[in-house]
2 protein chains.
Amino acid sequence: MAMGMVSIATWNINSVRLRADQVERFLRQEAPDVLCLQEIKTEEKHFPHAVFEAAGYAHRAVHGQKGYHGVATVSRIPLREVSRHDWQDNGEARHVGVELLGPGQGLIVENVYIPAGGDIPDREANPKFGQKLDFLGRMTRWAEALDRPTLIVGDFNIAPLDCDVYDHKALLKVVSHTPIEVETLGQFRDAHGWVDLGRQFIPAPQRNYSWWSYRSYWRDKDQGRRLDHMWASPDVATQARGHRIVEETRKWDQPSDHVPLITEFDL
Amino acid sequence: MAMGMVSIATWNINSVRLRADQVERFLRQEAPDVLCLQEIKTEEKHFPHAVFEAAGYAHRAVHGQKGYHGVATVSRIPLREVSRHDWQDNGEARHVGVELLGPGQGLIVENVYIPAGGDIPDREANPKFGQKLDFLGRMTRWAEALDRPTLIVGDFNIAPLDCDVYDHKALLKVVSHTPIEVETLGQFRDAHGWVDLGRQFIPAPQRNYSWWSYRSYWRDKDQGRRLDHMWASPDVATQARGHRIVEETRKWDQPSDHVPLITEFDL
DNA sequence: GTATCTCCGG
DNA sequence: CCGGAGATAC
């Protein structure tokens, strides 16, 4: 792998068209080399390519669809799109994988948007919940076979640790923090030995939220959850040099319900 | 009638909630005594009363409905709501009549939003077109009986003169400028001897548009139409002292497709 | 609460 | 092209 510092960010933007200005502001301010976006909510033909081009992000892998979901990885350094997994087998655009070609040469960056899973944490009563667990199961079998230095980032829609939510006990029955989800995510982690960079740099039980409901009741009380993650292969994890959450985007006008994460690597 | 200068405005605002800021700006800038709004697109319970109250327009007659149509007359001088005609007999909120109580005492101000009439100018093929003509017919029979000094203003959705559209010949088959509409509006005019103040002050064939389609194709070419009108009883017309179109609102952010008209009266 | 869609209406 | 609506999703 080529030498040099490479910074990689992830952000569930909740409509990239509506927040193109905010993405631009983030890129200007934080200047990550690579940005992985989730919930772009647009087909590629309406992706605001010009905004990224003007900001210097000439390399883009956009996997979009109409209205919902959709992911995009944009980069200042050359990249090659290498995969678009459909772990749900339903045509939803929830993943794009790229390989870095310039600095960081050879690193695989997997950008994923795991399904939210509906409201009721029960496979029978709520098919979406089962689909979420199945999605993770397929990711797990996929991860077992990985043999290249990889970073997987995105909106996992699960807060795994007790301290990843504002009230562990209250959220045990709330989708995103149920024991079965945490357990299933743990199996995914173990399948490759993924290292949770968020907690490597901001150890539990420190506050480390990445998402707040839009409803003012929870937002005003800082009742957040850590749903967004950056996980690295064991080898790649040793190259991570810094990690932060850019929480100030919450104060911008009409913000996303998620905030960006950034990790720096010495690759 | 009491003595004094009274200015009265009309504006199809195309959602008063979305453009409450623009209405406020207009009121601050032009300070009409009375403003008649059409297409407020809200029920009265969601009408932005506070904005008008703060701007000094303490007297309001709001005839709204959910989602579509709706008219409101707001005023710095006291008024009394005197009528809500349903000339289409279908429950749509397209009219409110008030009587001025302070300066201009006794003047009746009728605020009306005549139906657009659909796309096809044919009673059979397009019931909306017939409804528009019927609406005018009922207004005509109503106007025959009027015996008080009256001003009728609003979005008539008809451009009566050849010079009221950017291309008379091309629009002869376009709803808003068809001969049958112009003829039917003429009958309404004659039923009371209404004086078209727009053309009293800006004589034909001067450019005198009040509406431009949102479609950029027409807007960019200044292909407008005069759909908004202020018509006075013969006696009231002699008291009109000035009239203008406030076309600059088109340059504001996210403007209405209509611009306001203002007439000053020495009442 | 925010944002998408499709449909209706202009 | 721009509003509102209701439905759907997070």
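Chain letters run A, B, ... following the sequence lines, proteins first, then strands; residues in each count from 1.
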**OP:** Scan nucleotides 3-10 of chain D nucleotide by nucleotide, 5' to 3', and note B when protein non-hydrogen atoms come under 4.0 Å of the base, S if they reach only the sugar-phosphate, - if neither.
**Re:** SBSS-BSB
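- Under the 4.0 Å criterion applied to side-chain N and carboxylate O atoms, B/Lys169 and B/Asp162 are not assigned as salt-bridge partners.
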**OP:** Could you walk me through whether B/His49 and B/Arg60 pass side-chain hydrogen bond (donor to acceptor under 3.5 Å, both in side chains), step by step?
**Re:** CA-CA 8 Å; B/His49 283 287; B/Arg60 298 178 290 275; 2.7 Å; yes
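- Sequence neighbours left out, the pairs with a member in residues 109-128 of chain B that pass salt bridge (Lys or Arg N to Asp or Glu O under 4.0 Å) are B/Arg123-B/Asp134.
- Residue pairs meeting the side chain to side chain donor-acceptor pair (under 3.5 Å) criterion with at least one partner in residues 18-30 of chain B, sequence neighbours excluded, are B/Arg19-B/Tyr214, B/Gln29-B/Glu248, B/Glu30-B/Arg244.
- Along DNA chain C, read 5' to 3', the first and last nucleotides having any atom under 4.0 Å from a heavy atom of chain A are C/dG1 to C/dT6.
- The salt bridge (Lys or Arg N to Asp or Glu O under 4.0 Å) pairs that include a residue from residues 8-17 of chain A number zero, where partners must be two or more places apart or lie in different chains.
- B/Trp11 has its side chain out of reach of B/Gln38: every pair of non-hydrogen atoms, C-beta onward, lies at least 4.5 Å apart.
- For the salt bridge (Lys or Arg N to Asp or Glu O under 4.0 Å) test, residues two or more places apart in sequence or in another chain that qualify with B/Arg84 are B/Glu81.
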